[in-house]
Amino acid sequence: PVGAWSMADGQDVHEAADASGIFVLAETAHGGIAPVTFELLGKAAELSAKSGQHVEAILAGYGVAPLADELIAYGAGRVHLLESEALSSYIEENHATAVADVVRSLRPAILLVGATVKGRGLSARLASMLHTGLTADCTDLDIDTETGLLRQIRPAFGGNLMATIVTPDHRPQMASVHPGVMKAPARDGSRSGETVRHDISTMRQDERISLLGETVKAVCGNNLADSRIVVGIGRGVKSHETVDAISTWAESVGAAVAGSRAAVECGLVDASRQVGQTGQTISPDLYIAVGISGQIQHTAAITGAKKIIAVNPDRNAPIFSMADYGWVATAEEALPVLTNIRF
Ligand code: FAD
């Protein structure tokens, strides 16, 4: 039965020999499946081709059954459906309890979760409940074909090196993965798969927590993840007037505005638009970095950009070493030219 939070000593860590399958924990968003889930299914298929492990998905929520076919169309051979009214609102503790219970019974070798706002909290809580490890915020994954060990690749030491982490002793090997770094496979509605409904009717809600209400935050400007052109604002763009002028122009040409962490901390750009190690990863056709120095924690998240233009008055700024075109100028000097560009 699905129980409440349990901290029994290490009993959840199953032996490597028992464990099999690459499982993706599906995330729902706006009545559909969040794009990061499809990206994880794409990576799972790649790991499966190397290791022979089967790909399965776990889908938890209320009224989510119709979404199972989407997961199959994107590569899940089997979908484990956990449906309960208790999961109708997203309360992390309840979702974690339901998912942990099914993971204990299915014994996956690998469990992948999107490193989204929801996924970051849920994966950490799940790892704790399952007494296993978690490699958070991975930017790549691979598999050792001989040992079946997941190679979990992520920035370490403040982003100064890329670490490859393996977890030989614990199962499932759990990793959360940045959205936008992996490629989603093409949807194929003719794929066949099976949906297995798990009975969670005995599930108890965590009585310490109840959802009083939800407020949807209005989002201004074009969507960062989908835009072909992104303008990144850094601390060098010192005034709100310059940010407003860049944002108005960006909106008019269908570009999205992003920011460095320093720009977010200065209040120039909203935190939801931060790009970098602790923000979003983007792969636009064109990234225009204005007043951004080019520290690794920022640039690691823009390596997928097809072309990069950098505007910075310091000709030695590190951003120029990765930019396709460099413009040695202040934001104020560049503004009249920039805001006249049409694509
Ligand atoms: P700065 O480094 O201060 O650069 C400002 C630039 O503006 C300079 O190059 C300067 O020459 C230029 N400039 C000066 N005057 C002007 C002008 N008038 N017009 C135009 N340009 C001008 N950073 C991120 O961005 N994203 C992250 O997710 C992130 N995560 C981090 C995680 C960790 C664990 C750590 C330790 C750091 C992280 N950082 C992150 C911070 C990162 O190390 C840098 O501090 C940050 O990216 C710097 O932002 P910036 O380039 O806007 O500011």
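One-based numbering along the sequence shown. When reading the values below, keep in mind they use all heavy atoms of this one structure, side chains included, and skip hydrogens, waters and symmetry mates. Indexing begins at 1, ligand by ligand and atom by atom, following the structure's order.
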J.: At their closest point, which heavy atom of R104 faces which heavy atom of M129, and how far apart are they?
T.: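 Heavy atoms only, the tightest pair is NH2-O, 3.4 Å.
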
J.: I'd like to know if D140 pairs up with R151 as an ion pair, taking the criterion as any Lys NZ or Arg NE/NH1/NH2 lying under 4.0 Å from an Asp or Glu carboxylate oxygen.
T.: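 Looking at R151 together with D140, the answer is no, because their closest N to O distance does not fall below 4.0 Å.
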
J.: Would you mind listing which atoms of ligand 1 come within a distance below 4.0 Å of any non-hydrogen atom of G276?
T.: 26 (N), 27 (C), 28 (O)

J.: At less than 4.0 angstrom from any non-hydrogen atom of G279, what atoms of ligand 1 do you find?
T.: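 Counting atoms of ligand 1 from 1, those under 4.0 Å from G279 are 28 (O).
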
J.: Could you tell me the residue and atom name of the protein heavy atom closest to atom 32 (C) of ligand 1, and the distance to it rounded to 0.1 Å?
T.: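 Of every protein heavy atom, R261 NH1, 3.3 Å lies nearest to atom 32 (C) of ligand 1.
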
J.: Measure across H170 and H131 and return the closest heavy-atom pair with its distance rounded to 0.1 Å.
T.: CD2-O, 3.4 Å

J.: Taking atom CZ as the centre, does F343 end up with more than 12 heavy-atom neighbours from other residues, nucleotides or ligands that are less than 6.0 angstrom away?
T.: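 Yes, CZ of F343 has more than 12 neighbouring heavy atoms, counting only those of other groups under 6.0 Å.
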
J.: With a 4.0 Å cut-off on heavy atoms, is V264 touching ligand 1?
T.: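 Judged by the 4.0 Å heavy-atom criterion, V264 does not count as contacting ligand 1.
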
J.: Out of all atoms in ligand 1, which are within 4.0 Å of some heavy atom of E332? Include the element for each.
T.: 18 (N)

J.: Any salt bridge between K306 and D324, counting N to O under 4.0 Å?
T.: no

J.: Provide the closest heavy-atom pair for L224 versus A256 in the form atom of the first, atom of the second, distance.
T.: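 Residues L224 and A256, closest heavy atoms: CA-CB, 3.9 Å.
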
J.: Which atoms from ligand 1 have a heavy atom of G234 less than 4.0 Å away?
T.: 52 (O)

J.: Near R228 CZ, under 6.0 Å, is it more than 12 heavy atoms from other residues, nucleotides or ligands?
T.: no

J.: Would E265 and R261 pass as an ion pair if we require N to O under 4.0 Å?
T.: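 Looking at R261 together with E265, the answer is yes, because their closest N to O distance falls below 4.0 Å.
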
J.: Is the backbone N or O of Q53 less than 3.5 Å from a side-chain atom of S48, with the two atoms forming a donor-acceptor pair by type?
T.: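 Checking the backbone N and O of Q53 against the side chain of S48, a donor-acceptor pair under 3.5 Å is found.
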
J.: Does A317 reach ligand 1 with a nitrogen or oxygen that is under 3.5 Å from one of the ligand's nitrogen or oxygen atoms?
T.: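 No.
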
J.: What protein heavy atom is closest to atom 34 (C) of ligand 1, reported as residue, atom name and distance in Å?
T.: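 Answer, as residue, atom name and distance: Q277 NE2, 4.0 Å.
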
J.: Working to the nearest 0.5 Å, report the span between CD1 of I302 and CD1 of I308.
T.: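 It is 4.0 Å, given to the nearest 0.5 Å.
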
J.: Among all the protein's non-hydrogen atoms, which is closest to atom 10 (C) of ligand 1, and how far away is it?
T.: N312 OD1, 3.7 Å

J.: To check your reading of the model: name the closest protein heavy atom to atom 26 (N) of ligand 1, its residue, and the distance in Å.
T.: V275 O, 2.9 Å

J.: Would a 4.5 Å heavy-atom cut-off, applied to side chains only, mark E70 and R187 as touching?
T.: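 In short, these two side chains touch, coming nearer than 4.5 Å.
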
J.: Verify, without hydrogens or angle tests, whether S321 (side chain) and P318 (backbone) share a donor-acceptor contact under 3.5 angstrom.
T.: yes

J.: So for V237, does at least one of its heavy atoms come nearer than 4.0 angstrom to any atom of ligand 1?
T.: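 For ligand 1, residue contact (heavy atoms, under 4.0 Å) with V237 is absent.
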
J.: May I ask you to list the atoms of ligand 1 that are less than 4.0 angstrom from any heavy atom of A331?
T.: 17 (C), 19 (N), 20 (C)

J.: Can you find an N or O of G291 that's nearer than 3.5 Å to an N or O of ligand 1?
T.: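 It does: an N or O of G291 is found under 3.5 Å from an N or O of ligand 1.
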
J.: Which heavy atom of the protein is the closest neighbour of atom 37 (C) of ligand 1, given with residue, atom name and distance?
T.: Q297 CG, 3.5 Å

J.: Can you find an N/O atom of D314 closer than 3.5 Å to an N/O atom of ligand 1?
T.: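 No.
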
J.: Show the atoms of ligand 1 that are less than 4.0 angstrom away from any heavy atom in Q274.
T.: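 Answer, ordered by atom number: 26 (N), 27 (C), 28 (O), 29 (C).
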
J.: Counting each atom of ligand 1 from 1 as listed, which ones have a heavy atom of S260 under 4.0 Å away?
T.: 25 (O), 49 (O), 50 (P), 52 (O)

J.: Measure the acute angle between the ring planes of F23 and H80, then classify it against the limits of 30° and 60° as parallel, tilted or perpendicular.
T.: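 Rings of F23 and H80: parallel, as their planes differ by under 30°.
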
J.: Which protein non-hydrogen atom lies closest to atom 3 (O) of ligand 1, naming both residue and atom, and how far is it?
T.: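 The answer is R235 NE, 2.9 Å.
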
J.: With a cut-off of 4.0 Å, which atoms of ligand 1 are near a heavy atom of I292?
T.: 51 (O)

J.: Taking N or O atoms only and a 3.5 Å limit, does T330 qualify as a polar contact for ligand 1?
T.: no

J.: Name the closest protein heavy atom to atom 45 (O) of ligand 1, giving the residue it belongs to and the distance to 0.1 Å.
T.: Q295 CG, 4.4 Å

J.: What's the shortest distance from atom 2 (O) of ligand 1 to any protein heavy atom, and which residue and atom give it?
T.: S293 OG, 2.6 Å

J.: Can you check which of R315, H298, K238 brings a heavy atom nearest to atom 47 (O) of ligand 1?
T.: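 Among R315, H298, K238, the closest heavy atom to atom 47 (O) of ligand 1 comes from H298.
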
J.: How far apart are the closest heavy atoms of W327 and L338, and which atoms are they?
T.: CH2-N, 4.4 Å

